[in-house]
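Below you'll find the structure, written out as C-alpha cells, and then a few comments.
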Amino acid sequence: MWRSYFLLAVLTGCGDPVIGYSNGKVSVACGDMVPQHGYDPSPDPPPYSITVDKSTFSPGDNITVSLQVASSDPTFFRGFLIEARDAGKLDFPAVGFFILSDPHESQLLQCGHTQQSGVSHKRSTKKTQIQAVWESPMNPPQRVQFLVTVVHRYRVYWVRIAGPVVSLTEATAAPFTSVPAQTTSPTALSAPFSSVGCGHSKSCLRDPVGCHPESDPHCFFLSFTTDEAGCSVMFELSGPAEGYMSMALSLDKWMGNDDVYLCVNNGGRVTINAAYASGRTHPELAMEEALWGQAWRLADGVIQCRFHRNILLPDRFNLNQSYFLFLVHGRSHQGFILRHDRQPLISTNQKVITGHPEDLSGSRSPLLIKFHGVLMLTAWVWTVSTAIFIARHYKNLWPWFQVHRTMMVLAMVLTSVAFTLPFIYRRGWSKGAGSHPYIGCAVMALSVIQPIMAVLRPVPESPRRIIFNWLHFGAGTAGQILATVCVFLGAAQQALLLPIPWSPAVLTGWLLWIVLADLLLLIHPCRLRGNNKSDDTENILLAHIGGRWQHGEISPVKKMVLVVFLIGNTGFLAAFIKAIANL
C-alpha cells in the first residue's frame, strides 16, 4: 500500500501544475495581468469595451468603470481583472482603490502593496456586463488609464485591453507642460484596432474605403473620438509600414504648416510624438509632452498606435476647428523618419475633430492629377490610336481624312490641357517624378509639331510630298511610342499610383489589342488574294485587295473589325477612368 502512495506522490510532484482561477483569486496575475492558463492570448480583436462615466477627476473622486460586450454578436465573458495605473508608467503597480457594485459577481484584490486596487470575477458564470467604482488616491498621478484582462473561455482570453484615460482636474489648466516626453512609457496593445463604430461612435478615414484593420493587413486606418466630458480626443492609427505611420491636421491640402503626430518603429518599439511641419521638410518634434494614454502594436508588418491629447493645447491646433486630415506612412532609420514613398491619404473635405462621428472619404491622388491622367488616357489610349487606325486601314472610306484630322486636333487639345495641370498643381517643375515629365515634354512638342506640319504639307503632285509623308509618319510614330512609355511611367507615379500589377497588365493588354487589330486587317487582303487566284476577273480581285467591294463600299470584315476595335478601346479607357476615380 505504501508503495502505491509513494508512486502517487512522485507522479503528482513531477507533473506540471494546472491552475484554474474560476473563483477569481488572481492576485498572482496582477503584475502582467496574464492568466496562468498555459495558452497564448487571442490574436483576434476583443469583443469587449471598457468605459468610464467621467474623464477628469480630483483626489478622492469616484469614477464608475464598466466592462461590457462591445460587439453586436451574442457573446459573454467568464473572468476579468480590472486595474487602474499611471498612464505614463503603465508597468508600475496599480493606483487607487475599487468599491464593488455587484458583490455577487466581483471581488476586490490586493495588487502590489495596495489593498483593493484590483477587481476580478467571483465565479465563472457567463457575464455580459460588470461595473465597479474606482476611488482616486489623495496623491494621484496626472493621468490614469484603466486596463482589463478578459477571459471568454479557459483557452480564449485577452490581456491588458487598453481602456480610457482620465485626467487630474488640476492638470487641465496647464496640460502636462512640465512632464518630459522621456517619462512616457507606452503600453503594448494585445489586439489590433477595430473598425466597429466607424460613423456611429467614432470618425474614421480608411484606405481602401471600408477596409477593416482587424482583418485586412493592407488597411490604412485613422479613427478619432471625443471623450464624454469634451476635454480630450483619442486617435488611433494603423497601417502596413516599414518605419512609421503619421497623421497631420492641415488647413489645406498642401503639406506645410501642419500639426503632425508620429508613430515610429524604433528597434521593435513604437515611439509616439507630436511634431510640427513648417514646409516640405522633416517635422520638428515638440519639445514638451503633448500626448498621453499612449499604446502601440507591431505585428505582421503593421504599425498601430493610440494616443490622447487635450482639445486645447498651447502652440497646437485647436481640435474644435475643422481641418483636412493627412495619413502618411514610410520608412525610418534608427528612429529617424525618411521621405514617404507614397502620396498621403488626404480627406476629401475638412472635418471638425470634435464634431459628430463620420465615416470619412479621402484620396491619395489630387483632383488636378486625376484630370491629368484621364485627359492623357483619353487622348492617347482612345483618340490617337483610333485616328491612326482609321488612317492606316480605311483610306478608301471617303470621310477618313476629316475623321482623322478632327480626332488628331482633339487629341492635341486634350494633351495641351492635360500638360498644364501638373504644373498648376506643383506650382512648378516636379523634381521627384523621374523621367515621366521629360518624356511628357517631348510628347507635347511632337503633338504641336504634327498639326503644323499638316498645315504646311505640299500638294499631292509635289515631289516633296513624299518627304512630308515620311516626316509626318515618323513624328507621329515617335509621339505614339513616347506617349505609351509615358503612360506606363505615369501609372506608377506617387500622385496617380494605379493598382499594381493591374495597371501594367491592362496597358499591355491594350497594346496587344491594337497590334492584333492591325495584324488582322493586314492579313485579311492576303487571304482574299489567295482565295481568288482561280478567279479570272481582274476587277473583282483588285477590289478585294483594296478591301473594297463594288461602288466603293467597305468589306463586312473590315466593318466588323472597326466596330470591335472601337468597343475594345472604349472598354480599356473606361477601365482606367474607373480606376482613377477610385484612387
S246 side-chain N/O to V260 backbone N/O, donor-acceptor pair under 3.5 Å: no

Exam field: side chain H308 to backbone V233, donor-acceptor pair closer than 3.5 Å: no

Trace of the side chain to side chain contact (heavy atoms under 4.5 Å, CB included) decision for V403 with Y394: CA-CA 11 Å; V403 174; Y394 294 87; over 6 Å; no

Ring-face cation of R364 near F220 (centre distance under 6.0 Å, axis angle within 45°): yes

Which atom of L496 lies closest to which atom of G373, heavy atoms considered: CD2-CA, 3.8 Å

Side chain to side chain contact (heavy atoms under 4.5 Å, CB included) assessment of L511 paired with F572: CA-CA 10 Å; L511 290 177; F572 281 110; over 6 Å; no

Rounded distance (nearest 0.5 Å) linking atom CD1 of I369 with atom CD1 of I424: 10.0 Å

Backbone of W382 reached by a side-chain donor or acceptor of S385 within 3.5 Å: yes

Value rounded to 0.5 Å, distance of CD in Q450 from CE in M408: 6.0 Å

Close side-chain approach of R309 and Y261, heavy atoms under 4.5 Å: yes

Distance in Å, S365 OG paired with Q343 CD, rounded so as to fall on 0.5 Å steps: 7.0 Å

Sub-4.5 Å side-chain heavy-atom contact between I514 and I388: no

S347 side-chain N/O to L325 backbone N/O, donor-acceptor pair under 3.5 Å: yes

Rounded distance [0.5 Å steps], CG in L471 versus CZ in R457: 14.5 Å

Donor-acceptor under 3.5 Å (E214 side chain, D44 main chain): no

Short side-chain donor-acceptor distance under 3.5 Å, T271 and W296: no

Side chains of L249 and I353 in contact at under 4.5 Å (non-hydrogen atoms): yes

For L482 against I439, the heavy-atom pair lying closest together: O-CG2, 3.5 Å

Proximity of W254 and F326 rings by center, below 6.0 Å: no

Gap separating the OG atom of S238 from the CG atom of D216, nearest 0.5 angstrom: 9.5 Å

I303 CD1 to R297 CZ distance, which is reported to the nearest 0.5 Å: 12.5 Å

Side-chain donor or acceptor of R392 paired with backbone N/O of F389 under 3.5 Å: no

Residue pair S332 / E242, side-chain heavy-atom distance below 4.5 Å: no

Ring geometry between F423 and F419 (parallel below 30°, tilted from 30 to 60°, perpendicular above 60°): tilted

For the student: nearest non-hydrogen atoms of A191 and Q304, plus distance: O-OE1, 4.2 Å

Distance flag, aromatic centroids of W429 and Y438, threshold under 6.0 Å: yes

Whether over 12 other heavy atoms sit under 6.0 Å from Y425 OH: yes

Side-chain (R316) to main-chain (A275) donor-acceptor, under 3.5 angstrom: yes

Under 3.5 Å donor-acceptor, D518 side chain and L521 backbone: no

Sole residue of P213, S195, P192, P240 in side-chain contact (heavy atoms from CB on, under 4.5 Å) with C219: P213

Where W400 and I390 come nearest, the two heavy atoms and their spacing: CB-CG2, 4.2 Å

I311 and T226: CA distance, side-chain angles, deciding distance, side chain to side chain contact (heavy atoms under 4.5 Å, CB included) verdict: CA-CA 9 Å; I311 294 174; T226 308; 4.2 Å; yes

Heavy-atom side-chain proximity of F221 to C204 below 4.5 angstrom: yes

Student check: side-chain heavy atoms of N257 and L251 closer than 4.5 Å: no

Of K202, H200, R206, the residue whose pairing with D359 passes side chain to side chain donor-acceptor pair (under 3.5 Å): R206

Geometric class of the F317/Y323 ring pair [parallel <30°, tilted 30-60°, perpendicular >60°]: parallel

Parallel, tilted or perpendicular, as decided by the 30° and 60° cut-offs, for the rings of F235 and F307: parallel

Closest non-hydrogen atom pair, T415 against S447: CG2-OG, 4.0 Å

I466 backbone acceptor or donor facing R464 side chain under 3.5 Å: no

Pair S361-T348, side-chain donor/acceptor within less than 3.5 Å: yes

Sub-4.5 Å side-chain heavy-atom contact between V563 and I567: yes

Shortest non-hydrogen separation from M412 to P451 and the atoms involved: SD-CG, 3.3 Å

Chi angles and distances behind the side chain to side chain contact (heavy atoms under 4.5 Å, CB included) call for R306, M234: CA-CA 7 Å; R306 171 189 293 157; M234 180 183 73; 3.6 Å; yes

T420 side chain to V417 backbone, donor-acceptor under 3.5 Å: yes

Test item: T386 and F565 side chains (from C-beta on) under 4.5 Å apart, heavy atoms: yes

